[in-house]
Amino acid sequence: MPTEGSLVAAYDASSIQVLEGLQAVRRRPGMYIGSTDARGLHHLIYEVVDNSIDEVLAGACTDIRVTLGKDGSCTVGDNGRGIPVEMHPKYRKPALEIVMTILHAGSKFDKGAYKVSGGLHGVGVHVVNALSEWLEVRVRRDGQEYFQRYERGAPVTPLQAVGPATSTGTEVRFKPDPTIFETTTFDTPTVEGRLKELSFLNPQATITLSDERTGVTSTFHHAGGLGEFVEDLNRAAVPLFRPPIYLHSKRDTTDIEVAIQYNDGYNDTTLAFVNNINTVDGGTHVIGLRAALTRTLNDYAREHGYLKGEKESLTGEDVREGLTCVLSVKVLEPQFEGQTKAKLGNSEVKGQVESAVSEKLAEYLEEHPSVGQTLVAKAVQAAQAREAARRARELTRRKGLLEGGGLPGRLADCHSRDASVCELFLVEGDSAGGTAKQGRDREFQAILPLRGKILNVEKARLDRMLQNDSIRSVLTAIGVGVGDELDLSKLRYHKIILMADADVDGSHIRTLLLTLFYRKMPELVNQGHVYIAQAPLYRLQKGSKVAYAYSDEERDRLLNEWGGMKGVVVQRYKGLGEMNAEQLAETTMRPGQRSLVRVTVDDAKRANELFQILMGEEVEPRREYIQRHAVEVANLDV
Ligand code: 0RA
């Protein structure tokens, strides 16, 4: 029968297409999820959650539950409409199977609205499926519950109705494929951070995270949305006004939402999202926001007599001192740029955000004159400090402390001038610094010992920070400058490696340096240039056999392998200083033997949060934090 024949042919053709699609994803996972390290692994969860969030945005879903299983699986459930299950006339397969196995962009299952194509997000659940050892999906829809199981992307059961259902929704359970990922252990704080963020961005949703490995469940629901987000970011700071400014507007098809609050500090904390994706490298939306802030505050200040004459004006840095802000835009066809696809490229968005925020902010300030006065007074003060700092800098410059040839005296530089192979070790303490100098490969490894207490970055303006010896030597050695003048092409070492003791002071200095990088040189972290050296905690010796252990578990494993404690000398290192140069080199510094951990944006973000809470003025958040994180903070001296 010709008709049936052609349908069978269509089915075969589509099956082959599906297999090829899955193979393509498994062959080049990085193309779809960015990488196969911890970051790519967590991306699997975010991809499924994003699909549930799409249901929230469609007004069809209020609850999302994420469960990290003891078996290494992750389950994401929602009470949305459920993935459609009806037969697709051409493919002769249930819609669900199509969603789970092939690109659905542009098909009738494409849900339209603000999709996140082009980035690493929005690649589709089929990518999660292809990269999972197994995946099980349950859908409640049309009064039925349906079930299907896949292995490495291919269906191993047909879609089956397994019983009646009185509600609707989707549950996707998957176990990442260990032959694809370098690590398959989900990190709770990482997942928690993203879910919390999503709950602020989508105030209609309640998101629950259950970690069955620890038995801990947390629920995130923030009806106050972006305003509450900003309050949360400022929880350890002293806000200059309450409640935060909240603006919402639309230009063409772009939806623009922003919440703004200032604190009495000097830093700019602006988080920017495009279709719920954190654009850590900024982009046109952030440029538009900054332009709007500068323009509106200058206009307001001039109109209300805070600025004299035409030539006096506030710079972008002036109006961003003490700013805490969350910008969330929804763009129909976002173009994400850069290595990590974390920068918005759409040129039209700059004007849209600038125009919307300028208009709404001007209105707001007219209606809230006391807020207007506070903001302008703060910015004018910043402008005066900037002028004083410029004069101070001139002085320093003339004394030859900052510029060309003025590399810090304590820096033991390397010979190579090829930044891409050069490494800078920031070493805590002079004694460890000395050992590191002896143990390094001077061709490409530079050592900068850091001495003394580094200034509290939280309280200090940029100009005061520059007066601190240690900070200045770190900045000069790295070479890229800070803030608006940052120029990554001047980076002198492509690896910046923090090497500190695994004790109180060590963790203090790590938190502080990460905070400095996060605040003043975020690109350095975003582009993956910052690392933490892993020094061993123990040296084990039995006869002529020597091994190093980097954790208590590793020590116990080695002791086991060596047949117990008998005849084994276990030395516990209390600091880097206890190793000689060769030991330090082979355990911690030499490529091929050492292990370095690359600092992620999330790590730096958490360091910043910890720093803010521990160094901030507010006592209550500090007490709360220490209670919550008693174990980690136990060895942190502040
Ligand atoms: C395709 C179309 C529709 C919903 C979904 C997919 C959907 C996917 C996921 C993934 C996780 N949870 C999900 N929930 C829904 C639209 C359904 C309709 O129009 O009824």
Side-chain angles (χ1 to χ4, degrees), residues 18 21 25 32-33 42-68 73-91 93-117 119-132 134-150 153 155 159 161 165-176 191 194-195 198-199 201-202 204-210 275-277:
V18 164
V25 177
Y32 299 85
I33 52 159
H42 289 89
H43 207 94
L44 299 181
I45 301 185
Y46 306 157
E47 186 57 47
V48 185
V49 172
D50 282 352
N51 278 275
S52 300
I53 290 285
D54 283 348
E55 289 293 286
V56 173
L57 290 175
C61 170
T62 54
D63 285 296
I64 302 175
R65 280 157 285 111
V66 179
T67 307
L68 305 177
S73 71
C74 171
T75 309
V76 179
D78 66 48
N79 64 349
R81 291 167 292 188
I83 305 177
V85 290
E86 77 269 11
M87 274 293 173
H88 189 285
K90 179 163 155 254
Y91 289 102
K93 280 184 191 178
L96 179 128
E97 197 174 314
I98 297 171
V99 168
M100 283 296 165
T101 51
I102 44 181
L103 276 165
H104 52 285
S107 79
K108 72 172 250 187
F109 306 113
D110 187 3
K111 285 169 291 167
Y114 299 112
K115 55 176 176 292
V116 284
S117 54
L120 301 175
H121 290 253
V123 286
V125 212
H126 72 287
V127 168
V128 178
N129 192 15
L131 301 177
S132 293
W134 53 260
L135 179 148
E136 294 178 350
V137 54
R138 282 175 194 277
V139 164
R140 285 164 286 123
R141 204 179 150 95
D142 312 325
Q144 288 284 325
E145 177 166 324
Y146 300 89
F147 171 86
Q148 189 168 29
R149 180 178 163 98
Y150 300 81
L159 177 68
T166 52
S167 58
T168 63
T170 304
E171 187 185 280
V172 176
R173 178 156 179 246
F174 63 96
K175 185 164 183 299
V191 179
R194 173 64 179 157
L195 297 182
L198 281 171
S199 72
L201 294 166
N202 302 280
Q204 321 88 308
T206 300
I207 309 179
T208 307
L209 174 64
S210 301
N275 300 0
N276 283 324
I277 294 165

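Order of listing sets the numbers, starting from 1, for every ligand and every atom in it.
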Mark up the atoms of ligand 1 that fall under 4.0 Å of a heavy atom belonging to Glu55, in ascending order.
4 (C), 14 (N), 15 (C)
Are the side chain of Asn79 and the backbone N or O of Thr62 linked by a donor-acceptor pair below 3.5 Å?
yes
So for Val99, does at least one of its heavy atoms come nearer than 4.0 angstrom to any atom of ligand 1?
no
Can you tell which part of Glu171 has a heavy atom less than 4.0 Å from ligand 1: side chain, backbone, both or neither?
neither
Tyr146 side chain reached by Leu96 side chain, heavy atoms, under 4.5 Å:
no
Do any N/O atoms on Asp78 end up under 3.5 angstrom from N/O atoms on ligand 1?
yes
Tell me which one of Gly124, Pro84, Cys61 gets a heavy atom nearest to atom 2 (C) of ligand 1.
Pro84
Euclidean distance, Leu198 CG relative to Ile207 CD1, rounded to 0.5 Å
5.0 Å
With the threshold set at under 4.0 angstrom, would you say Gly80 reaches ligand 1 through any of its heavy atoms?
no
Do Val172 and Met100 have side-chain heavy atoms sitting under 4.5 Å apart?
yes
Is the side chain of Glu145 donor-acceptor paired with the backbone N or O of Arg138 at a distance under 3.5 Å, no angle test?
no
